[in-house]
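All heavy atoms count here, side chains included; hydrogens, waters and symmetry mates do not. Here, residue 1 is the first one in the sequence, and each next residue gets the next number. The shown structure was predicted, so the numbers you read here are calculated from the model rather than taken from an experiment.
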Amino acid sequence: MRMVDLIEKKRDGFELSTEEIQFIVTGYTKGEIADYQMSAFLMAVYFKNMSERERADLTIAMANSGDQIDLSAIDGIKVDKHSTGGVGDTTTLVLGPLVAACGVPVAKMSGRGLGHTGGTIDKLEAIEGFHVEITSEEFIKQVNDIKLAVVGQSGNLTPADKKLYALRDVTATVNSIPLIASSIMSKKIAAGADAIVLDVKTGEGAFMKTEEDARELAHAMVGIGNSTGRKTMAIISDMSQPLGFAIGNALEVKEAIETLQGKGPEDLTELCLVLGSQMVVVGGKAETLEEARAMLEEVIANGKALEVMKQFIEAQGGNPAVVDDVNLLPQAKFVTEVPSEQDGYISFMEADEIGTAAMVLGAGRATKESEIDLAVGIVLNKKVGDRVEKGESIATIYSNTEELAECMKMLYNSIEYSSEPVDKVQLISALITD
(Lines give C-alpha, C1' and ligand atoms only; values in the text may rest on other atoms or scores of the structure.)
Protein backbone atom coordinates (compact mmCIF):
# COMPACT_ATOMS: atom_id res chain seq x y z
CA MET A 1 0.00 0.00 0.00
CA ARG A 2 1.05 3.58 -0.66
CA MET A 3 -0.22 6.51 1.40
CA VAL A 4 -0.53 8.73 -1.70
CA ASP A 5 -2.99 6.24 -3.24
CA LEU A 6 -5.12 6.21 -0.08
CA ILE A 7 -5.16 10.02 0.06
CA GLU A 8 -6.34 10.06 -3.56
CA LYS A 9 -8.99 7.41 -2.87
CA LYS A 10 -10.50 9.37 0.01
CA ARG A 11 -10.13 12.67 -1.87
CA ASP A 12 -12.32 11.21 -4.62
CA GLY A 13 -14.97 10.13 -2.12
CA PHE A 14 -14.40 6.37 -2.03
CA GLU A 15 -14.55 4.18 1.09
CA LEU A 16 -11.32 2.88 2.56
CA SER A 17 -11.09 -0.75 3.63
CA THR A 18 -10.43 -1.86 7.21
CA GLU A 19 -6.89 -2.84 6.22
CA GLU A 20 -6.23 0.53 4.56
CA ILE A 21 -7.37 2.46 7.64
CA GLN A 22 -5.22 0.23 9.86
CA PHE A 23 -2.24 0.87 7.56
CA ILE A 24 -2.72 4.65 7.87
CA VAL A 25 -3.08 4.71 11.66
CA THR A 26 -0.24 2.26 12.33
CA GLY A 27 2.09 3.96 9.86
CA TYR A 28 1.47 7.42 11.26
CA THR A 29 1.81 6.29 14.87
CA LYS A 30 5.17 4.68 14.08
CA GLY A 31 6.40 7.74 12.19
CA GLU A 32 6.44 5.93 8.84
CA ILE A 33 3.88 8.31 7.33
CA ALA A 34 4.86 11.98 7.15
CA ASP A 35 2.87 14.82 8.70
CA TYR A 36 2.30 16.39 5.28
CA GLN A 37 0.68 13.21 3.96
CA MET A 38 -1.48 12.74 7.05
CA SER A 39 -2.50 16.41 6.82
CA ALA A 40 -3.69 15.81 3.26
CA PHE A 41 -5.60 12.73 4.38
CA LEU A 42 -7.27 14.58 7.27
CA MET A 43 -8.38 17.34 4.90
CA ALA A 44 -9.78 14.73 2.50
CA VAL A 45 -11.81 13.25 5.40
CA TYR A 46 -12.92 16.75 6.38
CA PHE A 47 -14.45 17.34 2.94
CA LYS A 48 -15.52 13.79 1.96
CA ASN A 49 -16.62 12.40 5.35
CA MET A 50 -16.49 8.74 6.35
CA SER A 51 -19.06 5.96 6.38
CA GLU A 52 -20.19 4.46 9.70
CA ARG A 53 -18.02 1.40 9.04
CA GLU A 54 -14.97 3.57 8.27
CA ARG A 55 -15.53 5.55 11.47
CA ALA A 56 -15.69 2.34 13.52
CA ASP A 57 -12.53 1.02 11.85
CA LEU A 58 -10.68 4.29 12.51
CA THR A 59 -11.78 4.21 16.15
CA ILE A 60 -10.64 0.62 16.69
CA ALA A 61 -7.31 1.26 14.95
CA MET A 62 -6.69 4.28 17.22
CA ALA A 63 -7.76 2.35 20.33
CA ASN A 64 -5.37 -0.47 19.38
CA SER A 65 -2.43 1.91 18.88
CA GLY A 66 -1.46 1.84 22.56
CA ASP A 67 -2.38 0.32 25.90
CA GLN A 68 -5.70 -1.47 26.36
CA ILE A 69 -7.16 -1.45 29.87
CA ASP A 70 -8.43 -4.91 30.81
CA LEU A 71 -11.40 -4.64 33.18
CA SER A 72 -12.56 -8.24 32.75
CA ALA A 73 -11.77 -8.98 36.42
CA ILE A 74 -14.49 -6.51 37.45
CA ASP A 75 -17.91 -8.08 37.93
CA GLY A 76 -20.80 -6.76 35.85
CA ILE A 77 -21.15 -4.42 32.88
CA LYS A 78 -18.62 -1.59 33.19
CA VAL A 79 -20.24 1.71 32.18
CA ASP A 80 -18.35 4.87 31.26
CA LYS A 81 -19.68 8.39 30.75
CA HIS A 82 -18.26 11.12 28.56
CA SER A 83 -19.21 14.77 28.36
CA THR A 84 -18.03 16.98 25.51
CA GLY A 85 -17.29 19.61 28.16
CA GLY A 86 -18.57 22.92 29.39
CA VAL A 87 -18.64 25.32 32.32
CA GLY A 88 -19.56 23.99 35.76
CA ASP A 89 -19.87 20.42 34.45
CA THR A 90 -19.83 18.55 37.76
CA THR A 91 -21.70 15.47 36.54
CA THR A 92 -18.96 12.85 37.05
CA LEU A 93 -18.67 13.73 40.75
CA VAL A 94 -22.39 13.09 41.17
CA LEU A 95 -22.91 10.23 38.71
CA GLY A 96 -20.11 8.00 40.02
CA PRO A 97 -21.59 7.47 43.52
CA LEU A 98 -25.17 7.70 42.26
CA VAL A 99 -24.86 4.95 39.65
CA ALA A 100 -22.57 2.81 41.82
CA ALA A 101 -25.21 2.89 44.55
CA CYS A 102 -27.54 1.16 42.06
CA GLY A 103 -25.02 -1.66 41.59
CA VAL A 104 -23.49 -0.55 38.28
CA PRO A 105 -19.65 -0.66 38.31
CA VAL A 106 -18.05 2.67 37.38
CA ALA A 107 -14.34 2.20 36.64
CA LYS A 108 -13.35 5.62 35.40
CA MET A 109 -10.19 7.20 34.04
CA SER A 110 -10.29 11.00 34.08
CA GLY A 111 -7.93 13.81 33.23
CA ARG A 112 -6.81 17.16 34.50
CA GLY A 113 -8.36 20.31 33.12
CA LEU A 114 -7.06 22.95 30.75
CA GLY A 115 -9.36 25.96 30.74
CA HIS A 116 -12.11 27.25 33.03
CA THR A 117 -11.57 24.89 35.98
CA GLY A 118 -9.65 21.74 36.72
CA GLY A 119 -10.76 18.39 35.37
CA THR A 120 -12.42 15.71 37.47
CA ILE A 121 -9.03 14.67 38.89
CA ASP A 122 -8.23 18.24 40.01
CA LYS A 123 -11.65 18.61 41.61
CA LEU A 124 -11.32 15.38 43.57
CA GLU A 125 -7.92 16.52 44.84
CA ALA A 126 -9.69 19.42 46.55
CA ILE A 127 -10.58 16.73 49.12
CA GLU A 128 -7.76 16.47 51.65
CA GLY A 129 -5.66 13.34 51.13
CA PHE A 130 -7.50 12.13 48.02
CA HIS A 131 -5.14 10.52 45.50
CA VAL A 132 -5.64 9.12 42.02
CA GLU A 133 -2.44 7.05 41.76
CA ILE A 134 -3.50 3.50 42.64
CA THR A 135 -2.30 0.21 41.17
CA SER A 136 -4.35 -1.77 38.65
CA GLU A 137 -4.98 -4.42 41.32
CA GLU A 138 -6.21 -1.81 43.82
CA PHE A 139 -8.36 -0.20 41.11
CA ILE A 140 -10.09 -3.49 40.22
CA LYS A 141 -10.56 -4.51 43.87
CA GLN A 142 -12.05 -1.13 44.75
CA VAL A 143 -14.60 -1.29 41.91
CA ASN A 144 -15.54 -4.84 42.89
CA ASP A 145 -15.90 -3.77 46.55
CA ILE A 146 -17.75 -0.45 46.27
CA LYS A 147 -18.52 -0.24 42.50
CA LEU A 148 -16.55 3.00 42.01
CA ALA A 149 -12.98 4.15 41.41
CA VAL A 150 -11.52 7.13 39.54
CA VAL A 151 -7.88 7.26 38.46
CA GLY A 152 -5.71 9.44 36.25
CA GLN A 153 -5.34 8.56 32.58
CA SER A 154 -2.64 6.17 31.46
CA GLY A 155 0.30 7.71 29.65
CA ASN A 156 0.05 5.42 26.61
CA LEU A 157 -3.66 5.26 25.88
CA THR A 158 -4.40 5.94 22.18
CA PRO A 159 -1.04 7.47 21.12
CA ALA A 160 -2.44 7.67 17.57
CA ASP A 161 -5.14 10.03 18.81
CA LYS A 162 -2.59 12.25 20.57
CA LYS A 163 -0.56 12.60 17.36
CA LEU A 164 -3.61 13.07 15.15
CA TYR A 165 -5.21 15.66 17.44
CA ALA A 166 -2.03 17.74 17.53
CA LEU A 167 -1.95 17.68 13.72
CA ARG A 168 -5.67 18.48 13.36
CA ASP A 169 -5.19 21.45 15.67
CA VAL A 170 -2.75 23.10 13.24
CA THR A 171 -4.36 22.05 9.94
CA ALA A 172 -7.92 23.39 10.46
CA THR A 173 -9.38 19.87 10.60
CA VAL A 174 -10.58 19.79 14.22
CA ASN A 175 -14.24 20.37 13.31
CA SER A 176 -14.80 17.10 11.46
CA ILE A 177 -17.54 14.82 12.81
CA PRO A 178 -15.80 11.49 11.99
CA LEU A 179 -12.49 12.74 13.42
CA ILE A 180 -14.08 14.12 16.62
CA ALA A 181 -16.19 11.00 17.12
CA SER A 182 -13.34 8.55 16.59
CA SER A 183 -11.06 10.59 18.88
CA ILE A 184 -13.53 10.48 21.77
CA MET A 185 -14.67 6.89 21.29
CA SER A 186 -11.17 5.45 20.83
CA LYS A 187 -10.24 6.62 24.35
CA LYS A 188 -13.43 5.17 25.85
CA ILE A 189 -12.90 1.81 24.15
CA ALA A 190 -9.21 1.66 25.10
CA ALA A 191 -10.20 2.41 28.72
CA GLY A 192 -12.12 -0.88 28.84
CA ALA A 193 -15.76 0.22 28.93
CA ASP A 194 -18.48 -2.32 28.10
CA ALA A 195 -21.10 0.41 27.70
CA ILE A 196 -20.89 4.16 27.16
CA VAL A 197 -23.22 7.08 27.88
CA LEU A 198 -22.50 10.38 26.13
CA ASP A 199 -23.49 13.92 27.09
CA VAL A 200 -23.10 16.04 23.96
CA LYS A 201 -23.25 19.74 24.79
CA THR A 202 -24.61 22.46 22.54
CA GLY A 203 -24.74 26.25 22.84
CA GLU A 204 -22.37 29.16 23.42
CA GLY A 205 -20.33 27.38 26.08
CA ALA A 206 -20.00 24.15 24.07
CA PHE A 207 -17.70 22.87 21.34
CA MET A 208 -20.72 22.17 19.11
CA LYS A 209 -22.47 25.54 18.88
CA THR A 210 -25.63 24.37 17.08
CA GLU A 211 -28.06 21.60 17.99
CA GLU A 212 -27.82 20.25 14.43
CA ASP A 213 -24.05 19.73 14.78
CA ALA A 214 -24.46 18.25 18.27
CA ARG A 215 -27.03 15.74 17.00
CA GLU A 216 -24.76 14.73 14.12
CA LEU A 217 -21.85 14.16 16.51
CA ALA A 218 -24.04 12.22 18.97
CA HIS A 219 -25.38 9.93 16.23
CA ALA A 220 -21.82 9.38 14.96
CA MET A 221 -20.52 8.38 18.40
CA VAL A 222 -23.52 6.17 19.22
CA GLY A 223 -23.08 4.49 15.83
CA ILE A 224 -19.40 3.84 16.50
CA GLY A 225 -20.07 2.52 20.00
CA ASN A 226 -22.83 0.14 18.99
CA SER A 227 -20.96 -1.11 15.90
CA THR A 228 -17.90 -1.93 18.03
CA GLY A 229 -19.93 -3.97 20.52
CA ARG A 230 -20.38 -1.32 23.22
CA LYS A 231 -23.98 -0.51 24.13
CA THR A 232 -24.07 3.27 23.68
CA MET A 233 -26.60 6.02 24.33
CA ALA A 234 -26.39 9.82 24.17
CA ILE A 235 -28.26 12.96 25.07
CA ILE A 236 -28.01 16.50 23.75
CA SER A 237 -27.86 18.99 26.62
CA ASP A 238 -27.64 22.77 26.83
CA MET A 239 -24.43 24.63 27.59
CA SER A 240 -25.52 28.14 26.70
CA GLN A 241 -25.17 28.94 30.41
CA PRO A 242 -23.10 27.22 33.11
CA LEU A 243 -24.46 23.96 34.52
CA GLY A 244 -25.51 24.29 38.14
CA PHE A 245 -24.34 27.31 40.12
CA ALA A 246 -20.70 26.58 41.01
CA ILE A 247 -17.63 27.14 38.79
CA GLY A 248 -14.46 26.21 40.67
CA ASN A 249 -12.94 23.04 42.05
CA ALA A 250 -13.80 22.89 45.77
CA LEU A 251 -17.03 24.78 45.03
CA GLU A 252 -18.06 22.10 42.53
CA VAL A 253 -17.23 19.29 44.99
CA LYS A 254 -19.49 21.02 47.52
CA GLU A 255 -22.26 21.29 44.91
CA ALA A 256 -21.86 17.60 44.01
CA ILE A 257 -22.23 16.59 47.66
CA GLU A 258 -25.33 18.78 47.98
CA THR A 259 -26.78 17.16 44.85
CA LEU A 260 -26.26 13.68 46.33
CA GLN A 261 -28.04 14.97 49.44
CA GLY A 262 -31.02 15.92 47.25
CA LYS A 263 -30.32 19.65 47.66
CA GLY A 264 -28.48 20.40 44.42
CA PRO A 265 -29.36 22.83 41.61
CA GLU A 266 -32.37 21.80 39.56
CA ASP A 267 -30.51 21.58 36.23
CA LEU A 268 -27.52 19.60 37.56
CA THR A 269 -29.85 17.21 39.41
CA GLU A 270 -32.02 16.64 36.34
CA LEU A 271 -29.05 16.07 34.03
CA CYS A 272 -27.53 13.54 36.43
CA LEU A 273 -30.84 11.69 36.72
CA VAL A 274 -31.19 11.51 32.92
CA LEU A 275 -27.58 10.42 32.31
CA GLY A 276 -27.67 8.12 35.33
CA SER A 277 -30.85 6.45 34.06
CA GLN A 278 -29.09 5.62 30.81
CA MET A 279 -26.07 4.26 32.71
CA VAL A 280 -28.27 2.01 34.85
CA VAL A 281 -30.09 0.68 31.76
CA VAL A 282 -26.94 -0.02 29.69
CA GLY A 283 -25.41 -1.45 32.87
CA GLY A 284 -28.19 -4.04 32.93
CA LYS A 285 -29.70 -3.06 36.28
CA ALA A 286 -33.02 -1.76 34.89
CA GLU A 287 -35.17 -2.55 31.87
CA THR A 288 -36.46 0.96 31.24
CA LEU A 289 -35.29 4.53 31.78
CA GLU A 290 -38.30 5.11 34.04
CA GLU A 291 -37.38 2.16 36.28
CA ALA A 292 -33.76 3.34 36.37
CA ARG A 293 -34.72 6.88 37.34
CA ALA A 294 -36.84 5.59 40.21
CA MET A 295 -33.83 3.60 41.48
CA LEU A 296 -31.62 6.71 41.33
CA GLU A 297 -34.16 8.85 43.17
CA GLU A 298 -34.42 6.15 45.83
CA VAL A 299 -30.64 5.99 46.52
CA ILE A 300 -30.60 9.77 46.91
CA ALA A 301 -33.60 9.71 49.25
CA ASN A 302 -32.31 6.87 51.45
CA GLY A 303 -28.74 8.19 51.64
CA LYS A 304 -27.13 5.22 49.91
CA ALA A 305 -25.54 7.38 47.16
CA LEU A 306 -24.02 9.66 49.79
CA GLU A 307 -22.67 6.64 51.66
CA VAL A 308 -20.97 5.40 48.46
CA MET A 309 -19.41 8.85 48.08
CA LYS A 310 -17.91 8.52 51.57
CA GLN A 311 -16.62 5.00 50.87
CA PHE A 312 -15.12 6.17 47.56
CA ILE A 313 -13.31 9.12 49.17
CA GLU A 314 -11.98 6.98 52.03
CA ALA A 315 -10.85 4.19 49.68
CA GLN A 316 -8.66 6.67 47.76
CA GLY A 317 -7.09 8.25 50.85
CA GLY A 318 -9.40 11.22 51.24
CA ASN A 319 -11.16 12.47 54.35
CA PRO A 320 -14.79 11.18 54.17
CA ALA A 321 -15.84 13.70 56.85
CA VAL A 322 -15.98 16.29 54.05
CA VAL A 323 -19.32 14.79 53.00
CA ASP A 324 -20.85 15.80 56.34
CA ASP A 325 -18.91 19.06 56.67
CA VAL A 326 -18.16 20.79 53.35
CA ASN A 327 -16.26 23.50 55.26
CA LEU A 328 -13.38 21.00 55.38
CA LEU A 329 -12.84 21.76 51.68
CA PRO A 330 -10.33 24.51 50.76
CA GLN A 331 -11.75 27.93 51.65
CA ALA A 332 -11.08 31.22 49.84
CA LYS A 333 -9.97 34.27 51.89
CA PHE A 334 -12.39 36.71 50.29
CA VAL A 335 -16.08 36.41 49.46
CA THR A 336 -17.45 39.22 47.27
CA GLU A 337 -20.98 39.73 45.99
CA VAL A 338 -21.58 40.94 42.41
CA PRO A 339 -24.60 43.31 42.45
CA SER A 340 -26.88 43.61 39.44
CA GLU A 341 -26.53 46.91 37.63
CA GLN A 342 -30.22 47.00 36.65
CA ASP A 343 -33.69 45.57 37.12
CA GLY A 344 -35.03 42.96 34.72
CA TYR A 345 -34.97 39.34 33.70
CA ILE A 346 -31.72 37.61 32.83
CA SER A 347 -32.03 36.76 29.14
CA PHE A 348 -28.53 35.49 28.34
CA MET A 349 -25.42 34.25 30.14
CA GLU A 350 -22.28 33.64 28.10
CA ALA A 351 -20.96 30.45 29.64
CA ASP A 352 -17.46 30.71 28.18
CA GLU A 353 -16.96 34.24 29.50
CA ILE A 354 -18.12 33.26 32.99
CA GLY A 355 -15.76 30.27 32.89
CA THR A 356 -12.88 32.49 31.85
CA ALA A 357 -13.69 34.84 34.73
CA ALA A 358 -13.26 31.88 37.09
CA MET A 359 -9.97 31.00 35.40
CA VAL A 360 -8.71 34.57 35.96
CA LEU A 361 -9.20 33.95 39.68
CA GLY A 362 -7.01 30.83 39.45
CA ALA A 363 -9.72 28.16 39.22
CA GLY A 364 -8.36 26.82 35.92
CA ARG A 365 -5.24 26.53 33.81
CA ALA A 366 -4.35 28.92 31.01
CA THR A 367 -1.45 26.56 30.14
CA LYS A 368 -0.56 23.02 31.21
CA GLU A 369 2.06 24.47 33.57
CA SER A 370 -0.40 26.78 35.40
CA GLU A 371 -1.07 26.14 39.09
CA ILE A 372 -4.72 25.77 40.10
CA ASP A 373 -6.11 27.42 43.25
CA LEU A 374 -8.61 24.80 44.39
CA ALA A 375 -10.49 27.18 46.72
CA VAL A 376 -11.46 29.94 44.29
CA GLY A 377 -14.27 30.34 41.80
CA ILE A 378 -17.71 31.78 41.19
CA VAL A 379 -21.15 30.76 42.41
CA LEU A 380 -24.07 32.08 40.37
CA ASN A 381 -27.09 33.30 42.28
CA LYS A 382 -29.25 33.81 39.19
CA LYS A 383 -29.73 31.97 35.89
CA VAL A 384 -31.49 32.70 32.59
CA GLY A 385 -35.17 33.45 33.17
CA ASP A 386 -34.72 34.69 36.75
CA ARG A 387 -36.02 38.09 37.84
CA VAL A 388 -33.40 40.36 39.40
CA GLU A 389 -33.56 43.76 41.11
CA LYS A 390 -30.85 46.40 40.78
CA GLY A 391 -28.28 45.86 43.57
CA GLU A 392 -29.31 42.23 44.10
CA SER A 393 -26.42 39.74 43.99
CA ILE A 394 -26.23 37.89 40.68
CA ALA A 395 -23.05 36.00 41.64
CA THR A 396 -20.60 35.46 44.48
CA ILE A 397 -16.86 35.54 43.88
CA TYR A 398 -14.59 33.37 46.03
CA SER A 399 -11.02 34.62 45.74
CA ASN A 400 -7.64 34.77 47.39
CA THR A 401 -7.04 38.29 46.09
CA GLU A 402 -8.92 41.56 46.45
CA GLU A 403 -7.97 42.55 42.88
CA LEU A 404 -11.24 41.64 41.19
CA ALA A 405 -11.70 44.33 38.54
CA GLU A 406 -11.01 42.01 35.58
CA CYS A 407 -13.20 39.21 36.92
CA MET A 408 -16.06 41.64 37.68
CA LYS A 409 -15.85 43.17 34.21
CA MET A 410 -16.03 39.76 32.57
CA LEU A 411 -19.04 38.76 34.66
CA TYR A 412 -20.93 41.94 33.82
CA ASN A 413 -20.08 41.55 30.12
CA SER A 414 -21.36 37.97 30.12
CA ILE A 415 -24.91 38.76 31.26
CA GLU A 416 -27.75 40.38 29.31
CA TYR A 417 -31.15 41.55 30.58
CA SER A 418 -34.67 41.88 29.25
CA SER A 419 -37.49 44.03 30.57
CA GLU A 420 -39.94 41.24 29.68
CA PRO A 421 -40.15 37.76 31.22
CA VAL A 422 -37.80 35.20 29.63
CA ASP A 423 -38.33 31.45 29.34
CA LYS A 424 -36.04 29.12 31.25
CA VAL A 425 -33.47 27.30 29.15
CA GLN A 426 -34.47 23.83 27.88
CA LEU A 427 -31.83 21.60 29.42
CA ILE A 428 -32.16 18.40 27.36
CA SER A 429 -33.28 18.49 23.76
CA ALA A 430 -32.76 14.93 22.52
CA LEU A 431 -32.18 11.33 23.57
CA ILE A 432 -30.24 9.26 21.04
CA THR A 433 -30.06 5.47 21.21
CA ASP A 434 -29.10 4.53 17.62
Side-chain angles (χ1 to χ4, degrees), residues 88-101 105-113 117-153 244-265 268-269 272 299-300 302-335 358 361-365 371-379 396 398-400:
D89 190 356
T90 316
T91 50
T92 295
L93 300 179
V94 180
L95 281 169
L98 187 58
V99 172
V106 181
K108 189 151 183 63
M109 299 183 74
S110 292
R112 299 195 180 276
T117 63
T120 298
I121 294 296
D122 299 297
K123 293 169 189 176
L124 286 168
E125 287 180 344
I127 301 168
E128 182 186 4
F130 193 99
H131 59 84
V132 294
E133 296 81 18
I134 59 178
T135 67
S136 297
E137 293 76 17
E138 289 169 334
F139 181 69
I140 288 167
K141 183 179 186 305
Q142 185 175 318
V143 179
N144 277 328
D145 288 346
I146 65 171
K147 302 299 181 189
L148 174 62
V150 178
V151 294
Q153 289 173 338
F245 297 120
I247 306 112
N249 300 280
L251 297 170
E252 290 184 44
V253 174
K254 176 177 181 283
E255 188 167 78
I257 291 168
E258 290 169 348
T259 303
L260 289 169
Q261 292 170 336
K263 301 184 292 187
L268 177 59
T269 300
C272 288
V299 296
I300 291 175
N302 65 20
K304 189 175 178 182
L306 208 61
E307 184 57 35
V308 172
M309 180 66 146
K310 289 181 182 178
Q311 292 171 357
F312 163 57
I313 293 170
E314 186 169 23
Q316 293 193 219
N319 180 5
V322 73
V323 174
D324 297 314
D325 183 5
V326 293
N327 291 319
L328 294 173
L329 290 164
Q331 302 291 309
K333 292 179 186 175
F334 306 104
V335 179
L361 296 171
R365 293 183 179 90
E371 288 286 326
I372 283 183
D373 186 337
L374 295 168
V376 305
I378 297 164
V379 174
T396 306
Y398 293 80
S399 67
N400 283 322

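Between Y398 and I247 the shortest side-chain heavy-atom distance does not fall below 4.5 Å. When side chains are defined from C-beta on, V132 counts as touching E125, because their heavy atoms get closer than 4.5 Å. V335 has its side chain within reach of T396: a pair of non-hydrogen atoms, C-beta onward, lies under 4.5 Å apart. Counting heavy atoms from C-beta outward, N319 and I313 have side chains that stay 4.5 Å or more apart. Contact annotation: the side chain of L306 approaches that of Q261 to within less than 4.5 Å [non-hydrogen atoms, C-beta and beyond]. Residues P265 and E255 form a side-chain contact, since some pair of their non-hydrogen atoms from C-beta on lies under 4.5 Å apart.
With rounding to the nearest 0.5 Å, the separation of CD in Q142 from OG1 in T135 is 10.0 Å. Taking CD of E138 as the reference point, atom CG of D145 lies at 11.5 Å (rounded to 0.5 Å). Here CZ of F139 is found 8.5 Å from CD of Q316. Values are rounded to the nearest 0.5 Å. Atoms CD and CG, on Q331 and N400 in that order, are 10.5 Å from each other to the nearest 0.5 Å. In this structure, CG on L98 lies 12.5 Å from CG on L93, to the nearest 0.5 angstrom. Rounding to the nearest 0.5 angstrom, the gap separating the NZ atom in K141 from the CD atom in E137 is 12.0 Å.
The shortest heavy-atom contact between I378 and A358 is CD1-N, 3.6 Å. Nearest heavy atoms, S110 versus V150: OG-CG1, 3.9 Å. L124 and F312 get closest at one heavy-atom pair: CD2-CE2, 3.9 Å. Of all non-hydrogen atoms in A107 and V143, the two that sit nearest each other are CB-CG2, 3.9 Å. Taking all atoms of both residues into account, the shortest heavy-atom contact from A315 to I146 is CB-CD1, 4.3 Å. Summarising the geometry of V94 relative to L260, their closest heavy-atom pair is O-CD2, 3.6 Å, with the distance given to 0.1 Å.
No donor-acceptor pair closer than 3.5 Å links the side chain of D122 to the backbone N or O of I372. Judged by distance alone, the side chain of K123 and the main-chain N or O of V253 form no donor-acceptor pair under 3.5 Å.
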(request) Run the numbers on L361 and D373 for side-chain contact (heavy atoms from CB on, under 4.5 Å), then give the verdict. (result) CA-CA 8 Å; L361 296 171; D373 186 337; over 6 Å; no
(request) Apply side-chain contact (heavy atoms from CB on, under 4.5 Å) to E128 and L328, showing your working. (result) CA-CA 8 Å; E128 182 186 4; L328 294 173; over 6 Å; no
(request) Run the numbers on M309 and I257 for side-chain contact (heavy atoms from CB on, under 4.5 Å), then give the verdict. (result) CA-CA 8 Å; M309 180 66 146; I257 291 168; 4.3 Å; yes
(message) Please determine whether side-chain contact (heavy atoms from CB on, under 4.5 Å) holds for the pair T92 and L95, giving the CA-CA distance in whole Å, both sets of side-chain angles, and the decisive distance to 0.1 Å.
(response) CA-CA 5 Å; T92 295; L95 281 169; 5.8 Å; no
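Partners of E307 under the side-chain hydrogen bond (donor to acceptor under 3.5 Å, both in side chains) rule, at least two apart in sequence or in another chain, do not exist in this structure.
Using a 4.0 Å cut-off between charged side-chain N and carboxylate O, K263 and E258 make no salt bridge.
Within a 6.0 Å radius of NZ in K254, no more than 12 heavy atoms belonging to other residues, nucleotides or ligands are found.
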